[in-house]
Amino acid sequence: MLIKKNKTRAALIALLALGSAAAWPRVASAETVLRIGMTAADIPRTLGQPDQGFEGNRFTGLTMYDALTGWDLSSADKPSVVIPGLATEWKVDDADKTKWTFKLRPGVTFHDGSPFNADAVVWNVEKVLKQDAPQFDASQVGVTASRMPTLASAKKIDDMTVELTTKEPDSFLPINLTNLFMASPAKWQHFYEKVEGADAKAKSQAAWTAFAKDAAGTGPWKMASFTPRERLELVKNASYWDKARVPKVDKMVLLPMPEANARTAALLSGQVDWVEAPAPDALPELKQRGFKLYANEQPHVWPWQFSRVEGSPWNDIRVRKAANLCVDREGLKDGLLAGLMVPATGTFEPGHPWRGKPAFEIKYDKAAAQKLMQEAGFGPNKKLEVKIQTSASGSGQMQPLPMNEYLQQALAECYFDVKLDVIEWNTLFTNWRRGAKDPSANGSNATNVTYAAMDPFFALVRFLQSGMAPPVSNNWGFINNPKFDELVKKARQTFDPAARDAALAELHAASVDDAAFLYVAHDVGPRAISPKVTGVVQPKSWFIDFSLVSMQ
């Protein structure tokens with residue numbers, strides 16, 4: 001297939017690279033500063049529960065905050081696994097599988113000097129689950145509760161022990177808790193008490209607004225200054241509880257740069273030291289100029305998620321399978337993306353313990369795709385119109401516009417007429433939780449939001465279980481398949497790791513056989529970084545540990 005090239009891209013990069021870096025702030029030579037160009041169009045929220053998808057977790061979650069559990073990001077060769085964070089150990093109750101006991105890490109303090117303890121854990125659980133709690137913040141619920149939907153409550157046992165209760169037995173809970181970041185209750189209370197007036201909700205909202213500008217977590221980085229939509233400056237937390245992860249760089253500056261060409265130009269001109277997702281056709285120049293390129297297969301899928309509401313064109317399995325057979329993924333990889341992807345034949349590839357044995361083989365077979373579409377009643381003179389909602393940039397979205405234009409051309413050869421509805425990334429991400437029935441879908445019958453596949457809930461459950469339909473979680477298309485529900489229940493209530501893996505493999509195989517998504521690519525997290533930056537470990541994860549990085 002011929003790929004349309006953006007002929008202005010190289011010229012734009014060259015033009016922007018000539019721009020003076022004089023307008024960028026300078027720092028004393030003794031201070032090491034790492035400047036990063038993000039794909040986000042705005043600074044992810046800083047108040048403890050980030051927005052902007054998992055790019056938000058990467059930059060304003062895992063930097064300033066910790067959770068009870070975390071991810072091991074120390075290796076580029078081994079898959080990231082869940083490890084102790086602010087909890088040192090945990091155990092489900094043998095008699096009641098809805099109750100978990102978490103032992104907390106002693107001697108940890110928040111950035112404001114207040115202690116981390118069981119009261120702080122209960123407070124942070126209730127900020128997103130208990131609507132009558134003074135600190136409850138509805139704006140944080142959507143990006144948090146939907147990622148741990150069975151968590152019901154938290155109770156203090158003693159200063160260093162908490163009991164968490166789930167709505168049903170849920171073996172996924174320790175993984176889900178990597179998304180609940182611990183903010184300082186004392187810092188929030190300080191802001192709350194300074195707000196005048198008697199309206200508790202208004203005071204709470206004002207306190208969170210103030211907290212976002214002067215945040216306090218327990219993480220390896222502390223907020224230094226914050227300008228919305230422009231920059232966030234973080235400084236190292238020299239007293240961080242994990243001495244091996246005290247940052248080696250004095251300051252990190254995060255800059256929103258949603259356009260790939262602009263990010264690349266900023267790197268070439270010396271305005272930044274590190275960019276996420278550089279423009280693929282600039283890779284030869286970046287290599288020639290001595291910049292280092294990092295990539296590693298991530299547990300991540302770039303899909304179209306289909307609407308299954310009444311009247312959706314994707315309700316016909318022949319149409320769903322045809323779309324999956326009509327995409328030349330190798331051509332996309334080698335052409336448009338300069339090798340920076342792994343073709344997707346499901347959420348998991350062969351060799352993964354959750355892969356299973358799907359009967360439907362996802363591959364490029366245009367003739368088979370055309371045959372299925374003809375059986376469904378479509379052909380050269382009768383195209384099937386579908387509308388896809390996507391973004392121009394964003395966390396893990398890779399190169400969404402060129403990639404969707406590629407699919408638009410590819411599917412046209414299989415009798416699809418693809419319309420694109422392009423909106424801002426954070427709006428798309430918000431719409432994702434509202435679902436295909438919501439007016440925000442704007443008539444779209446598929447959405448292009450990339451998803452993490454690090455754990456069972458994120459990879460499968462939130463999309464396939466009928467009970468995860470909006471507003472609960474991310475079953476955007478309202479899939480309602482009794483087989484999926486049965487297998488989700490089986491996996492969630494299985495606490496033996498090997499048996500749980502087998503149940504998840506069965507669920508994944510069933511989803512591929514149902515062509516639940518248009519599976520396109522796995523991201524490799526490409527980054528282009530100045531040779532002055534050393535110590536970068538690109539893990540097999542959506543996330544990365546900035547604490548390990550040094551500057552020459």
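- With hydrogens and angles ignored, the 3.5 Å screen pairs no side-chain donor or acceptor of Lys130 with any backbone N or O of Lys127.
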*asked:* For Asn237 and Ser239: C-alpha separation, side-chain torsions, deciding distance, then whether side-chain hydrogen bond (donor to acceptor under 3.5 Å, both in side chains) applies.
replied: CA-CA 5 Å; Asn237 178 9; Ser239 58; 3.1 Å; yes
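- Using modelled atom types and a 3.5 Å distance limit, the side chains of Ser391 and Glu424 yield no donor-acceptor pair.
- Between Arg45 and Asp42, none of the side-chain N atoms (NZ, or NE/NH1/NH2) sits under 4.0 Å from a carboxylate O, so this pair counts as no salt bridge.
- Ionic pairing of Glu89 and Lys103 is not present here: no N-O contact between side-chain nitrogen and carboxylate oxygen is shorter than 4.0 angstrom.
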* Would Asp112 and Ser114 satisfy side-chain hydrogen bond (donor to acceptor under 3.5 Å, both in side chains), going step by step from the backbone distance to the final call? -> CA-CA 6 Å; Asp112 62 344; Ser114 61; 2.8 Å; yes
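- For the pair His508 (side chain) and Thr347 (backbone), a donor-acceptor distance under 3.5 Å is present.
- Side chains of Asn426 and Asp51: a donor-acceptor N/O pair is present below 3.5 angstrom, by distance only.
- A salt bridge links Glu506 with Lys490: the distance from a Lys NZ or Arg NE/NH1/NH2 to an Asp or Glu carboxylate oxygen falls below 4.0 Å.
- Annotation: cation-pi pair Lys437/Phe478 present, NZ/CZ under 6.0 Å from the ring centroid and within 45° of its normal.
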Under the side-chain hydrogen bond (donor to acceptor under 3.5 Å, both in side chains) rule, what do Glu230 and Thr227 come out as? Steps first, then yes or no, please. CA-CA 5 Å; Glu230 291 185 18; Thr227 306; 4.8 Å; no
*Worked check of salt bridge (Lys or Arg N to Asp or Glu O under 4.0 Å) between Asp72 and Lys78*: CA-CA 9 Å; Asp72 184 354; Lys78 301 174 183 178; over 6 Å; no
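- Here the closest heavy-atom approach between residue Ala67 and residue Leu180 is recorded as CB-O, 3.2 Å.
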Inset, instruction - Begin from the C-alpha positions of Trp71 and Trp542 and carry the test ring-ring contact (aromatic ring centres under 6.0 Å, His included) through to its verdict. - result: CA-CA 10 Å; Trp71 295 101; Trp542 199 295; over 10 Å; no
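- A perpendicular orientation is assigned to the rings of Phe211 and Trp208, their planes being inclined by more than 60° (bins at 30° and 60°).
- Looking at heavy atoms from C-beta onward, Val33 lies in side-chain contact with Val253 at the 4.5 angstrom threshold.
- In terms of modelled atom types and a separation under 3.5 Å, the side chain of Asp455 and the main chain of Ile175 share no donor-acceptor contact.
- Between Lys236 and Asp250 a salt bridge is recorded (basic side-chain N to carboxylate O distance below 4.0 Å).
- Proximity of Met551 to Val533: side-chain heavy atoms (C-beta onward) are separated by under 4.5 Å at one or more points.
- Ion pairing between Glu297 and Lys540 fails under the 4.0 Å rule for side-chain N and carboxylate O.
- In this structure the side chain of Arg263 reaches within 4.5 angstrom of the side chain of Thr39, judged on heavy atoms.
- Residues Leu254 and Arg231 have side chains not in contact (no heavy-atom distance under 4.5 Å, counting atoms from C-beta outward).
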Applying side-chain contact (heavy atoms from CB on, under 4.5 Å) to Trp100 and Asp93, what does each step give before you reach the verdict?
CA-CA 6 Å; Trp100 294 76; Asp93 190 292; over 6 Å; no
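- Using a 4.5 Å heavy-atom threshold, the side chains of Leu234 and Lys251 count as separate.
- In this structure, Leu151 and Leu129 approach most closely via the heavy-atom pair O-CD1, 3.4 Å.
- Here the closest non-hydrogen pair linking Ser393 and Trp425 is O-CB, 3.2 Å.
- With a 4.5 Å cut-off on side-chain heavy atoms, Leu232 and Met223 count as touching.
- Here the shortest heavy-atom pairing between Ala510 and Leu487 reads CB-CD1, 4.2 Å.
- Remark: the backbone N or O of Val537 is not paired with any side-chain donor or acceptor of Asp545 at under 3.5 angstrom.
- Of the charged side-chain nitrogens involved, none lies within less than 4.0 Å of a carboxylate oxygen, so that Asp170 and Lys167 do not count as a salt-bridged pair.
- With hydrogens and angles disregarded, a donor-acceptor distance shorter than 3.5 Å links the side chain of Gln49 to the backbone of Asn179.
- The shortest non-hydrogen separation linking Thr69 to Pro174 is OG1-O, 2.7 Å.
- Ring geometry for Phe54 versus Phe543: interplanar angle of 30 to 60°, hence tilted.
- The cationic group of Lys213 does not satisfy the cation-pi geometry with Phe226, failing either the under 6.0 Å distance to the six-membered ring centre or the 45° limit from the ring axis.
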- Task: Applying side-chain hydrogen bond (donor to acceptor under 3.5 Å, both in side chains), run through Glu349 and His522 and close with a yes or a no.
- Result: CA-CA 10 Å; Glu349 297 307 311; His522 301 288; 2.7 Å; yes
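- With contacts defined as side-chain heavy-atom distances shorter than 4.5 Å, the pair Met148/Val128 qualifies.
- In this structure, Glu276 pairs ionically with Arg58, as a charged nitrogen and a carboxylate oxygen lie closer than 4.0 Å.
- Among the candidates Trp302, Phe458, Phe463, the single residue satisfying the ring-ring contact (aromatic ring centres under 6.0 Å, His included) test with Tyr451 is Phe463.
- The shortest distance between side-chain heavy atoms of Gln135 and Glu126 falls below 4.5 Å.
- Residues Gly435 and Pro470 share a closest heavy-atom pair of CA-CG, 3.5 Å.
- Between Phe116 and Phe110, the ring planes lie perpendicular to each other; the angle is over 60°, past the 30° to 60° tilted range.
- Between the Tyr65 side chain and the Thr46 main chain, a donor and an acceptor come within less than 3.5 Å of each other.
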